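Protein chains get the first letters and strands the later ones, always in sequence-line order, with residue 1 at the start of each. Quick caveat: nothing in here was measured; it's all calculated off a predicted structure.
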Amino acid sequence: MLEAVGVKLRDLVHPGKLHLSELKGRRVALDAYNMLYQFLATIRQADGHPFTDAEGRVTSHLVGVLYRTASMLERGVLPVWVFDGKPSDLKSSTLRARAMVKEKAQRAWNEALAAGDLETARKKAAQTSRLTREMVADAQAVLSAMGTPWVQAPSEGEAQAAFMAEKGDVWAAASEDYDTLLFGAPRLLRGLGSARSASRGDDAEVEFLEVGKVTQELGISREELILIGVLIGTDFNEGVPGIGPKKAMKLVAEHQGWEATLQKAGVDPTGLDPVRDLFLHPATTEDYHLQWKAPDTAKVLELLVTGHGFGADRVQKVLDRLPKSAPSSGVQTSLEAFG
DNA sequence: GTGCCGGC
DNA sequence: GCCGGCACG
């Protein structure tokens, strides 16, 4: 995707592939903000403007939520969307940097529009995506109406998704960010979105990473994987100038431990202890109930059609595709039977 | 993101 | 049938 955020582990890991059909009957925790930002970046008009309703409120993310949730349920996959809570203080400089990138992209978007360069306009517009509280609340309301559970993470959604996967409440976490592995997710799915062929009925493939295999292949522990992340840089620390994935791996492979490795890399280790602690012991909650219910058709139509001007027959068609066997809450012959 | 239409 | 490209909100 365009916005490469999180730790850059791509050059070190060798992801496997998984057919979507292999996810059938399995619960998957979706990094909601990660998905919503992807929708906002992708679901735009030619000039870069996102979809909006008659009141000018952005709806692109709702299009994504509707179709993504429906297509997963239709395939027998049980999605649970995990939303970010309050970001860690350690993330503030990353967030500031992202805000600046957005402002710069906004200016470039305006310039490209003025110049009539639609291709650049759309590209730059994709980088300006913002999520408001109202947009998040809208997405959550649609999910609830669809009978699909969502979880409010205390802080990082990825950390919460990783926790749920570790506990076995879900089979895997889905995010484009490798940070999810540092947070201890045993299984990570990437590229859930880039499966265009999926919509043509194919059994598309997604990237599949197991933290156990990653560490085994690299011959390191999970803490050493975190150390690699810290050396390269994560959303929670800057990283060491001049050290990329290769050099970080080389340093860590000497197995000298956290302090000695960081010292050798020329940084003060003590300042980075909070980053390690964040990855090893992130804020999580057990306050969630995973239950997949039959969609409340009238509610979905009210939210999207009445509330946001979606085409009624379009939404109805999506609803018609959803598994109908899903009963109301508490009944055991539910979609629970799939998972 | 995904459906759908119309061209081959 | 398959595939590119537009439409959707």
Side-chain angles (χ1 to χ4, degrees), chain A residues 1-3 19-21 23 28 30-83 109 118-119 121-123 125-132 134-143 145-146 148 150 174-177 189-207 295 297 299-323:
Chain A
M1 282 277 101
L2 289 163
E3 199 175 352
H19 287 281
L20 284 178
S21 61
L23 294 176
V28 177
L30 308 180
D31 179 352
Y33 271 51
N34 192 271
M35 302 285 161
L36 294 185
Y37 274 113
Q38 277 185 258
F39 297 153
L40 287 171
T42 319
I43 306 175
R44 285 175 183 268
Q45 305 172 70
D47 64 358
H49 284 101
F51 287 5
T52 54
D53 62 19
E55 277 80 60
R57 295 174 298 196
V58 173
T59 53
S60 294
H61 62 307
L62 301 180
V63 176
V65 165
L66 175 72
Y67 282 113
R68 176 62 60 79
T69 303
S71 84
M72 292 187 87
L73 290 173
E74 195 182 18
R75 289 163 182 280
V77 188
L78 300 173
V80 43
W81 295 67
V82 183
F83 289 82
W109 179 17
L118 283 186
E119 198 183 327
R122 203 178 192 287
K123 203 179 291 178
Q127 299 172 32
T128 65
S129 306
R130 282 171 217 276
L131 265 179
T132 65
E134 192 185 9
M135 288 164 70
V136 171
D138 276 349
Q140 291 170 341
V142 170
L143 287 170
M146 292 181 82
T148 295
W150 55 270
S175 174
E176 298 314 299
D177 292 357
L189 301 171
R190 295 183 72 246
L192 219 52
S194 44
R196 168 67 156 122
S197 51
S199 65
R200 299 198 193 267
D202 296 359
D203 188 11
E205 287 182 327
V206 292
E207 261 186 51
T297 305
K299 187 73 188 166
V300 175
L301 289 169
E302 182 198 321
L303 286 168
L304 294 178
V305 180
T306 315
H308 290 295
F310 280 50
D313 42 0
R314 219 175 244 270
V315 177
Q316 187 61 55
K317 207 161 274 181
V318 173
L319 290 168
D320 289 343
R321 278 171 29 209
L322 298 181

Can Leu192(A) and Met35(A) be said to form a side chain to side chain contact (heavy atoms under 4.5 Å, CB included), step by step?
CA-CA 9 Å; Leu192(A) 219 52; Met35(A) 302 285 161; 4.3 Å; yes
Separation of atom CZ in Arg75(A) from atom C1' in dG1(B), rounded to whole Å
13 Å
Below the 4.0 Å mark, does dG9(C) have OP1 or OP2 next to a side-chain nitrogen or oxygen of Arg57(A)?
no
Students often get this wrong, so: under 4.0 angstrom with heavy atoms, is Ser60(A) touching a base, only sugar-phosphate, or nothing?
nothing
In whole Å, what is the span from the CG atom of Leu304(A) to the P atom of dG3(B)?
15 Å
Can you check whether Arg321(A) has a side-chain N or O nearer than 4.0 Å to OP1 or OP2 of dG3(B)?
yes
How about Glu119(A): does its CD atom have over 12 heavy atoms from other parts shown lying under 6.0 Å from it?
no
Length of the line joining Leu66(A):CG and dG9(C):P, which is rounded to integer Å:
10 Å
CZ of Phe310(A) versus P of dA7(C): gap in Å, rounded?
18 Å
Look at all strands and tell whether Thr59(A) reaches a base, only sugar-phosphate, or nothing, counting heavy atoms closer than 4.0 Å.
sugar-phosphate
Measure the acute angle between the ring planes of Phe39(A) and Trp81(A), then classify it against the limits of 30° and 60° as parallel, tilted or perpendicular.
tilted
Just the rounded figure in Å: distance from C1' of dT2(B) to CD of Glu74(A).
11 Å
Asp320(A) atom CG is separated from dT2(B) atom P, nearest whole Å, by 18 Å
Looking at dG1(B), dT2(B), dC8(C), which one has an atom nearest to any side-chain atom of Phe39(A)?
dG1(B)
Rounded interatomic separation in angstrom, taking CG from Leu62(A) and P from dG1(B)
16 Å
I'd like to know if the side chain of His61(A) and the backbone of Met135(A) have a donor-acceptor N/O pair within less than 3.5 Å.
yes
What integer distance in Å separates Phe51(A):CZ from dC6(C):P?
13 Å
So if I take every side-chain heavy atom of Lys317(A) and compare against dC4(B), dG9(C), dT2(B), which nucleotide ends up nearest?
dC4(B)
Picking from dT2(B), dG1(B), dG9(C), which would you name as closest to the side chain of Thr42(A)?
dG1(B)
Assess whether side chain to side chain contact (heavy atoms under 4.5 Å, CB included) is satisfied between Val305(A) and Gln316(A), documenting all intermediate values.
CA-CA 10 Å; Val305(A) 180; Gln316(A) 187 61 55; over 6 Å; no
